[in-house]
Amino acid sequence: MKENSLLAVIAAAGIGKRYGSDLPKQYAHINGQSVIEKAINPFINSKQISKIIIVISRDDKEIKNQSFYDDKKIQYVYGGSTRKESINNALKVADGEFEYVITHDAARPNIKEEDINDLYKDITQSKASCSFFFTPVYDSIKEIDLNERTKDKSKFYLVQTPQISKLDDLKNSIQKCIDDDIDCPDESFAIEYSNLKLSRIQGSRSNIKITEPEDLELLNKFLIRSGVGFDLHKYESGDGIILGGHKINCDFKIVAHSDGDVLLHSIADSILGASGLGDIGIFFSDQDEVNKNLDSSKIIEYCLNELIKLNLEIYNVDATIICEHPKINPHRYKILKKLSDLLKIPETSIGLKATTSEKIGIIGNNEAIAVQSIVNIKGKA
Ligand code: ZN
């Protein structure tokens with residue numbers, strides 16, 4: 001395929017009535033990115049796409065806040081009151097240098113660059129006027145009429161975007177729908193209405209269209225991110241250690257610049273790792289006097305605030321404390337309760353385990369304590 005040979009048109013003028021929120025559904029956030037950012041990135045990254053026209057509503061106040069806003073491939077046009085008018089407005093500014101146009105919905109964030117290549121390959125091989133992705137119908141289908149009859153589902157399939165069309169054929173077909181005042185749910189319909197050839201390729205059921213709030217929840221389940229953490233501190237003689245904000249009295253203490261809460265340090269590193277923010281040392285240097293004897297719950301507080309800024313939340317934590325002494329089991333529940341308070345998640349979302357180092361190495365000789373942890377985070381719906 002020739003590079004820079006394709007035009008993309010993204011329909012983003014939806015006002016989210018069905019989504020039931022003031023914020024149009026394409027601007028909801030998943031895992032630190034908006035739905036529309038995720039939907040448009042494959043087009044920005046594709047070498048085949050040289051121009052992207054995004055159709056927005058005149059009342060749109062969010063588009064300027066999107067990461068792609070100033071991208072040089074992108075041009076903006078205002079939409080009409082229906083999809084056919086919106087697409088028509090975009091095609092009017094396409095300047096004749098393109099043979100094909102790919103149309104897509106801003107509310108479908110789960111597509112890949114390969115999808116663009118697959119569509120192009122299919123339309124050129126099939127010589128159709130439009131090629132689109134479909135998925136089979138797996139649930140039973142009944143028709144809403146007086147008899148509520150079950151239909152033969154093998155005779156139906158579901159239609160998705162992206163779709164690719166011959167630009168001139170699509171222009172003429174959309175104009176025909178407008179002239180005939182025919183409702184046009186998608187571009188393949190316009191081509192079908194003009195009796196031109198269609199082709200289809202099986203798509204993925206993960207290419208969901210964000211329509212209801214629960215669709216975002218579903219998408220979030222695909223997008224859990226994980227971060228691992230590890231921390232180790234030396235012991236010296238003293239009067240106790242702090243683990244997960246809980247003080248355990250014993251004959252030694254942890255050598256550290258801060259309060260030495262090795263469990264919270266490891267979990268903080270996991271959170272920062274999962275959210276792509278770096279590590280604890282960047283934010284709380286052990287060279288900085290300000291952090292002397294620092295209460296480590298402040299580090300966790302800081303991490304949680306960073307997560308809020310990114311619209312992320314902790315989904316699950318698992319940690320293993322590795323030491324010979326003190327025995328963790330008698331304190332396990334109190335530590336767990338404290339962790340649940342600090343992390344603001346239920347105890348059932350926290351795994352807390354303890355093991356020894358079989359009397360081998362510095363941990364085995366009771367000279368140090370270590371913690372290994374993993375944190376899973378997801379976007380807030
Ligand atoms: Zn530490």
Side-chain angles (χ1 to χ4, degrees), residues 1-14 26 33-57 60 62-80 83-133 160-175 186-188 190-191 196-201 203 207:
M1 183 186 349
K2 274 209 315 266
E3 288 192 1
N4 293 324
S5 58
L6 293 177
L7 167 71
V9 171
I10 313 290
Q26 67 266 27
Q33 263 193 324
S34 67
V35 170
I36 189 173
E37 282 172 347
K38 285 184 70 61
I40 282 179
N41 275 344
F43 293 93
I44 292 177
N45 295 334
S46 166
K47 287 190 176 69
Q48 274 66 51
I49 304 280
S50 63
K51 186 181 212 165
I52 303 167
I53 300 176
I54 304 181
V55 189
I56 54 169
S57 148
D60 195 312
E62 295 292 328
I63 194 80
K64 287 191 171 63
N65 303 325
Q66 307 306 307
S67 61
F68 55 74
Y69 182 68
D70 288 322
D71 192 280
K72 53 185 187 314
K73 275 189 185 182
I74 298 178
Q75 191 178 340
Y76 298 90
V77 301
Y78 288 126
R83 184 184 182 98
K84 64 188 172 195
E85 284 161 12
S86 293
I87 299 294
N88 194 41
N89 289 356
L91 296 182
K92 269 194 266 180
V93 304
D95 42 19
E97 64 188 279
F98 298 100
E99 192 179 351
Y100 297 101
V101 55
I102 294 199
T103 46
H104 188 53
D105 292 303
R108 282 193 194 266
N110 245 3
I111 69 149
K112 303 181 290 293
E113 255 184 86
E114 296 97 88
D115 296 336
I116 297 167
N117 301 342
D118 289 348
L119 280 175
Y120 181 78
K121 220 165 119 190
D122 188 67
I123 197 165
T124 46
Q125 282 174 358
S126 66
K127 299 196 177 0
S129 289
C130 174
S131 171
F132 58 90
F133 285 113
Q160 302 179 329
T161 65
Q163 305 183 350
I164 189 168
S165 307
K166 282 188 179 154
L167 196 128
D168 286 340
D169 287 347
L170 183 62
K171 253 186 187 168
N172 296 335
S173 302
I174 294 257
Q175 192 57 53
D186 67 343
E187 293 63 66
S188 72
I191 296 289
L196 296 169
K197 188 181 172 186
L198 293 172
S199 176
R200 60 187 154 95
I201 38 180
N207 177 17

Is a donor on one side and an acceptor on the other found under 3.5 Å between the side chain of S86 and the backbone of G80? yes

Would you call the rings of H104 and F43 parallel, tilted or perpendicular, where under 30° means parallel and over 60° means perpendicular? tilted

If you measure from CD1 on I54 to CG on D71, what distance do you get to the nearest 0.5 Å? 8.5 Å

Can you find a pair of side-chain heavy atoms, one from Y100 and one from K166, that are under 4.5 Å apart? yes

For the residue pair I191 and S165, what are the closest heavy atoms and their distance? CG1-OG, 4.4 Å

Has the side chain of D115 got a donor or acceptor atom that lies under 3.5 Å from a matching backbone atom of K112? yes

Output for pair (L119 CG, E114 CD), nearest 0.5 Å, gives 12.0 Å

For residues F132 and T161, determine if any side-chain heavy atom of one lies less than 4.5 Å from a side-chain heavy atom of the other. no

Ion pair K197/D169, N-O distance below 4.0 Å: no

What's the separation between atom OG in S5 and atom CD in E97, rounded to the nearest 0.5 Å? 10.5 Å

Ignoring hydrogens and angles, state whether a donor on the side chain of T103 or E187 is under 3.5 Å from an acceptor on the partner side chain. yes

Closest approach of G79 and V55, non-hydrogen atoms and distance? CA-CG1, 3.2 Å

Short question: side chain of D168, backbone of E99 - any donor-acceptor pair under 3.5 Å? no

Side chain Y78, main chain N89, donor-acceptor under 3.5 Å: no

Would you indicate whether the side-chain heavy atoms of I10 and I74 approach each other to under 4.5 Å? no

Any donor and acceptor pair, going by atom type alone, linking the side chain of D105 with main-chain N or O of A107 inside 3.5 Å? no

If you round to the nearest 0.5 Å, how far is CD1 of I116 from CD of Q48? 8.0 Å

Give a yes or no on whether the backbone of A106 and the side-chain of Q26 come within a donor-acceptor separation of less than 3.5 Å. no

Quick check: closest heavy atoms across N207 and N110, and the distance to 0.1 Å? CA-CB, 4.1 Å

Side-chain contact test, heavy atoms from C-beta onward, threshold under 4.5 Å: evaluate it for I164 versus L6 and give yes or no. yes

Rounded at 0.5 Å granularity, tell me how far CD1 in I174 sits from NZ in K171. 11.5 Å

How close do I111 and P42 get, counting heavy atoms only, and between which atoms? O-CG, 3.5 Å

So among V101, I87, V77, L91, which one has a side chain to side chain contact (heavy atoms under 4.5 Å, CB included) with I53? V77

I123 versus A128, closest heavy-atom pair with distance: CG1-O, 3.3 Å

CD1 on I40 to CZ on F68, rounded to 0.5 Å: 4.0 Å

May I ask you to test the N172-Q175 pair for a side-chain heavy-atom distance under 4.5 Å? no

Which pair of heavy atoms, one from K38 and one from Q33, lies closest together, and at what distance? CG-OE1, 3.0 Å

